[in-house]
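Here is the structure we will look at, set down as structure tokens.
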Amino acid sequence: MANTQSMCTSFLGELLSATHNFSSANPAQTASTANTFKAALYLASATINASTTAYTSTGEVTGTNYTAGGVTVTGATNPASTNSSTTAGVGYWTPSASITYTTVTLTTAFDCVLIYNSTQSNKAVSAHTFGSQTVTAGTFTLTMPANTTSTALLRLATT
């Protein structure tokens with residue numbers, strides 16, 4: 001068992017059916033409201049990867065001040081894209097704030113966060129791995145990358 005960083009395969013198909021809405025300014029809808037995305041932490045012994053289709057409590061961390069299902073992701077930044085005749089097009093999105101778990105005690109090693117859409121039946125978006133961690137009565141923060149075509153948390157590119 002091992003966690004693997006990846007965009008969830010089911011998410012790719014769901015994009016084409018407009019299942020996920022990351023934007024509060026979707027011009028295709030007259031009253032657009034972005035979906036709620038959450039971030040759950042997983043034990044180093046879990047198996048979260050491209051084949052994960054939805055949030056699961058199996059392998060999720062447990063501990064003081066950690067709520068099953070994780071925390072809400074701040075998504076005030078709307079998705080963006082580039083389109084140029086000289087470079088490949090890229091669609092990209094990064095949460096607008098770091099993902100923070102405050103005053104938690106998580107004594108079993110964890111190394112993965114699953115981003116999922118709680119508005120849409122907890123459908124999985126992506127798994128992100130990092131070095132194995134434990135926290136005792138502290139704050140665990142995942143600092144988000146810059147929201148650019150080459151560093152955003154989620155990136156889709158044409159070739």
Side-chain angles (χ1 to χ4, degrees), residues 1-29 32-44 46-56 59-61 69-102 104 106 109-120 122-135 138-159:
M1 294 200 273
N3 298 312
T4 306
Q5 183 159 303
S6 61
M7 194 169 293
C8 297
T9 305
S10 57
F11 171 70
L12 297 174
E14 291 160 0
L15 285 174
L16 297 175
S17 65
T19 300
H20 303 276
N21 183 4
F22 288 86
S23 177
S24 60
N26 185 340
Q29 300 175 359
S32 181
T33 302
N35 292 159
T36 299
F37 293 87
K38 297 191 87 176
L41 295 173
Y42 286 87
L43 300 171
T47 304
I48 302 296
N49 54 39
S51 64
T52 302
T53 59
Y55 160 77
T56 178
E60 186 177 13
V61 301
V71 297
T72 300
V73 173
T74 305
T77 303
N78 288 322
S81 62
T82 62
N83 188 9
S84 167
S85 61
T86 59
T87 61
V90 178
Y92 56 98
W93 176 83
T94 296
S96 56
S98 295
I99 298 172
T100 303
Y101 305 84
T102 307
V104 294
L106 306 169
F110 61 96
D111 68 353
C112 181
V113 63
L114 175 70
I115 306 295
Y116 68 96
N117 187 337
S118 66
T119 303
Q120 299 295 331
N122 295 329
K123 292 182 184 297
V125 172
S126 57
H128 304 273
T129 57
F130 43 84
S132 183
Q133 305 287 315
T134 60
V135 179
T139 297
F140 179 71
T141 301
L142 292 166
T143 303
M144 293 298 102
N147 193 39
T148 69
T149 59
S150 60
T151 61
L153 191 66
L154 297 179
R155 296 183 309 274
L156 299 170
T158 59
T159 54

key: Qualifying residues under side-chain contact (heavy atoms from CB on, under 4.5 Å), relative to S10, sequence neighbours excluded   = C8, E14, T53
ask   = With distance as the sole test, does Y116 use its side chain to make a donor-acceptor pair with the main-chain N or O of A40 at under 3.5 Å?
value = no
task = List in chain and number order the residues that pass side-chain contact (heavy atoms from CB on, under 4.5 Å) with T9, two or more places apart in sequence or in another chain; answer none if no residue qualifies.
result = A50
query = Considering all heavy atoms of both residues, which atom of C112 and which atom of A127 are nearest to each other, and what is their separation?
reply = SG-CB, 4.2 Å
request  = Drop me the distance from L154's CG to T94's OG1, to the nearest 0.5 angstrom.
outcome  = 7.0 Å
ask   = Considering all heavy atoms of both residues, which atom of T148 and which atom of T151 are nearest to each other, and what is their separation?
value = OG1-OG1, 2.6 Å
request  = For the pair N147 (side chain) and S96 (backbone), establish whether a donor and an acceptor sit closer than 3.5 Å, ignoring hydrogens and angles.
outcome  = no
request  = Look at the side chain of Y42 and the backbone N and O of L114, then say whether any donor-acceptor pair between them is shorter than 3.5 Å.
outcome  = no
remark   = OG1 (T72) and CD1 (I99) are apart, to the nearest 0.5 Å, by 10.5 Å
key: Name of the residue among T52, V113, D111 meeting side-chain contact (heavy atoms from CB on, under 4.5 Å) with N3   = D111
request  = Return the set of residues passing side-chain contact (heavy atoms from CB on, under 4.5 Å) with Q120 (not counting sequence neighbours), or none when no residue passes.
outcome  = T19, N35, N117, K123
request  = Report the distance from atom CZ of F140 to atom CD of Q133, rounding to the nearest 0.5 Å.
outcome  = 5.0 Å
key: Pair V125-W93, side-chain contact (heavy atoms from CB on, under 4.5 Å): steps then yes or no   = CA-CA 12 Å; V125 172; W93 176 83; over 6 Å; no
request  = Report yes or no: does T119 contribute a side-chain atom to a donor-acceptor pair with the main-chain N or O of T36 at less than 3.5 Å?
outcome  = yes
ask   = Can you tell me how far OG1 of T56 sits from CD1 of I48, rounded to the nearest 0.5 angstrom?
value = 6.5 Å
message = Within this structure, what is the OG-CG distance for the pair S126 and N49, rounded to the nearest 0.5 Å?
response = 12.5 Å
ask   = Which heavy-atom pair separates H128 from L153 by the least distance, and what is that distance?
value = CE1-CD1, 3.5 Å
Pair Y92-T82, side-chain contact (heavy atoms from CB on, under 4.5 Å): steps then yes or no = CA-CA 9 Å; Y92 56 98; T82 62; 4.2 Å; yes
request  = Report yes if some heavy atom in the side chain of V71 is under 4.5 Å from a heavy atom in the side chain of T102; otherwise report no.
outcome  = no
request  = Kindly write out the residues that satisfy ring-ring contact (aromatic ring centres under 6.0 Å, His included) with H20, not counting sequence neighbours, or none if the list is empty.
outcome  = F11
inquiry  = If the condition is side-chain contact (heavy atoms from CB on, under 4.5 Å), which residues does T143 pass it with, not counting sequence neighbours?
reply    = S98, T141
inquiry  = Using 0.5 Å steps for rounding, measure from the CG atom of L142 to the CG atom of L41.
reply    = 6.5 Å
request  = Sequence neighbours left out, what passes side chain to side chain donor-acceptor pair (under 3.5 Å) with T77? Give chain and number order.
outcome  = none
ask   = What orientation do F110 and F130 show, parallel under 30°, tilted 30 to 60°, or perpendicular over 60°?
value = perpendicular
request  = Using modelled atom types only, decide if a donor and an acceptor are shared between the side chain of S23 and the backbone of P79 within a distance under 3.5 Å.
outcome  = no
